[in-house]
**Student:** 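Take a look at this one; I'll ask things after.
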There are 2 protein chains.
Amino acid sequence: MTYTIKEVAAKTNLSIYTLRFYDKQGLLPFVARNKSGYREFTEGDLNLLQTICCLKNTGMKIKNIRQYIEYVMAGPTTVELRLKLLTDHRLEVVAQQQKIQQNLAEVDYKINMYAAPNAETSVARELAFATAEKKANHLPNPYQMTK
Amino acid sequence: MTYTIKEVAAKTNLSIYTLRFYDKQGLLPFVARNKSGYREFTEGDLNLLQTICCLKNTGMKIKNIRQYIEYVMAGPTTVELRLKLLTDHRLEVVAQQQKIQQNLAEVDYKINMYAAPNAETSVARELAFATAEKKANHLPNPYQMTK
DNA sequence: TTAAACCCTAGACATAACTCTATGGCAAGT
DNA sequence: ACTTGCCATAGAGTTATGTCTAGGGTTTAA
């Protein structure tokens, strides 16, 4: 009817260490203990833990996840606060995704250059430009000139 | 004709500390020094630094960025190695973006729930389920029951 | 020629998020 | 009752990526 920390670790792909760490960080105030002090996870606890993982996987800081959990623990009156926290987070995630897309486009540009049949030629031209610039500024050439 | 570290910091939005840190990590072997030991950045150096920032902004580890830079320093014969490094990285970034999309979809589900007109009701129902489960397992109820 | 504003390095400190170690209690099977 | 394996905590250690401080040389401009 309940799960041990080991079982939860297996289900969630979090390590036992991480689960205890999250508990210590105040992310798991809903997890009960049995008479020996062992954690007992219910299905409902796993649902909440799943939400925690979603927030973590989208890059939310533990501090903010803790805030969310505190809202959950406080009951239905915090719905609006939860909504604001999640929508703010959503905006950050989307912005971050866009930033990565833009930077990845530049990486793709490089990839295309390197994948082109004349790649060595264009790279050699780039290198020639860089070394010429070093020379023009009376700076040593840091590149390995093979041949 | 060349830029000081301060000017480069202003251009790149990296701090002077970060630039020196990157140099210490072997990311800037191409940057020359003047007779006083001051760094002198050329335009070509800025191009390379821009690539470094792209890789960093897409989540590449410094260790791998250093590997890329080492390939660049070694000249045009490393084009294929550079290509492999970048395409491997690209795959990781895309996979990571997809993972985030999936997790964000779950966050969106929560957002929609909280944004619905009957949000408090459904949250109260969720809470009732969780507390009932705790009770059924003879565990204390960790939720703040207002009222 | 001196003050202000640069530049340098080495190395300490910071932060986040784990990860592990030491030590000891509890549980289940023989 | 013992052994094995699981559970607990406290707190030390790790990794990555900076950020800052101390101590000292350099450049510029009044």
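Letters go in sequence order (proteins before strands), and every chain restarts at 1. Model, not experiment: these values are computed from the prediction.
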**Student:** Between A:Thr77 and B:Glu120, which heavy-atom pair has the shortest distance, and what is it?
**Tutor:** CA-OE2, 4.2 Å
**Student:** Kindly say if B:Arg39 contacts the phosphate of C:dC6, meaning a side-chain N or O under 4.0 Å from OP1 or OP2.
**Tutor:** no
**Student:** Within this structure, what is the CG-to-C1' distance between A:Leu14 and C:dC20, rounded to whole angstrom?
**Tutor:** 17 Å
**Student:** What integer distance in Å separates A:Ile5:CD1 from C:dC26:P?
**Tutor:** 17 Å
**Student:** Assign each of B:Lys6 and B:Arg33 to its nearest nucleotide of DNA chain C by heavy atoms, then name whichever residue's nucleotide is nearer the 5' end.
**Tutor:** B:Lys6
**Student:** Would you tabulate the side-chain donor-acceptor contacts of residues 7-21 of chain A under 3.5 Å, counting partners in other chains and residues two or more places apart, or write 'none'?
**Tutor:**
| from | atom 1 | to | atom 2 | distance (Å) |
| --- | --- | --- | --- | --- |
| A:Glu7 | OE1 | A:Thr4 | N | 2.8 |
| A:Thr12 | OG1 | A:Val8 | O | 2.8 |
| A:Thr12 | OG1 | A:Leu14 | N | 3.2 |
| A:Ser15 | OG | A:Tyr17 | N | 3.4 |
| A:Ser15 | OG | A:Thr18 | N | 2.9 |
| A:Ser15 | OG | A:Thr18 | OG1 | 2.8 |

**Student:** Can you tell me how far P of C:dC6 sits from CD of B:Glu40, to the nearest Å?
**Tutor:** 17 Å
**Student:** Does the distance from a Lys or Arg side-chain N to an Asp or Glu carboxylate O, for B:Arg82 and A:Glu126, drop under 4.0 Å?
**Tutor:** no
**Student:** Below 4.0 angstrom, N of the basic side chain to O of the carboxylate: do A:Asp45 and A:Arg39 qualify?
**Tutor:** no
**Student:** With a 4.5 Å heavy-atom cut-off, do B:Leu139 and A:Thr2 have their side chains touching?
**Tutor:** yes
**Student:** If a protein heavy atom is under 4.0 Å from the base, mark B; if only from the sugar-phosphate, S; if neither, -; do that for nucleotides 17-28 of chain D going 5' to 3'.
**Tutor:** SBBBB---BSS-
**Student:** For A:Asp23 and D:dC7, what is the distance between atoms CG and C1' respectively, to the nearest whole Å?
**Tutor:** 13 Å
**Student:** For A:Ile16 and D:dA8, give me the distance from atom CD1 to atom P, rounded to whole Å.
**Tutor:** 8 Å
**Student:** Less than 4.5 Å apart, side chain to side chain, heavy atoms only: is that true for B:Ile100 and B:Asn103?
**Tutor:** no
**Student:** Within this structure, what is the CG-to-P distance between B:Leu28 and C:dC8, rounded to whole angstrom?
**Tutor:** 11 Å
**Student:** For C:dC7, does OP1 or OP2 lie under 4.0 Å from any side-chain N or O of B:Thr4?
**Tutor:** yes
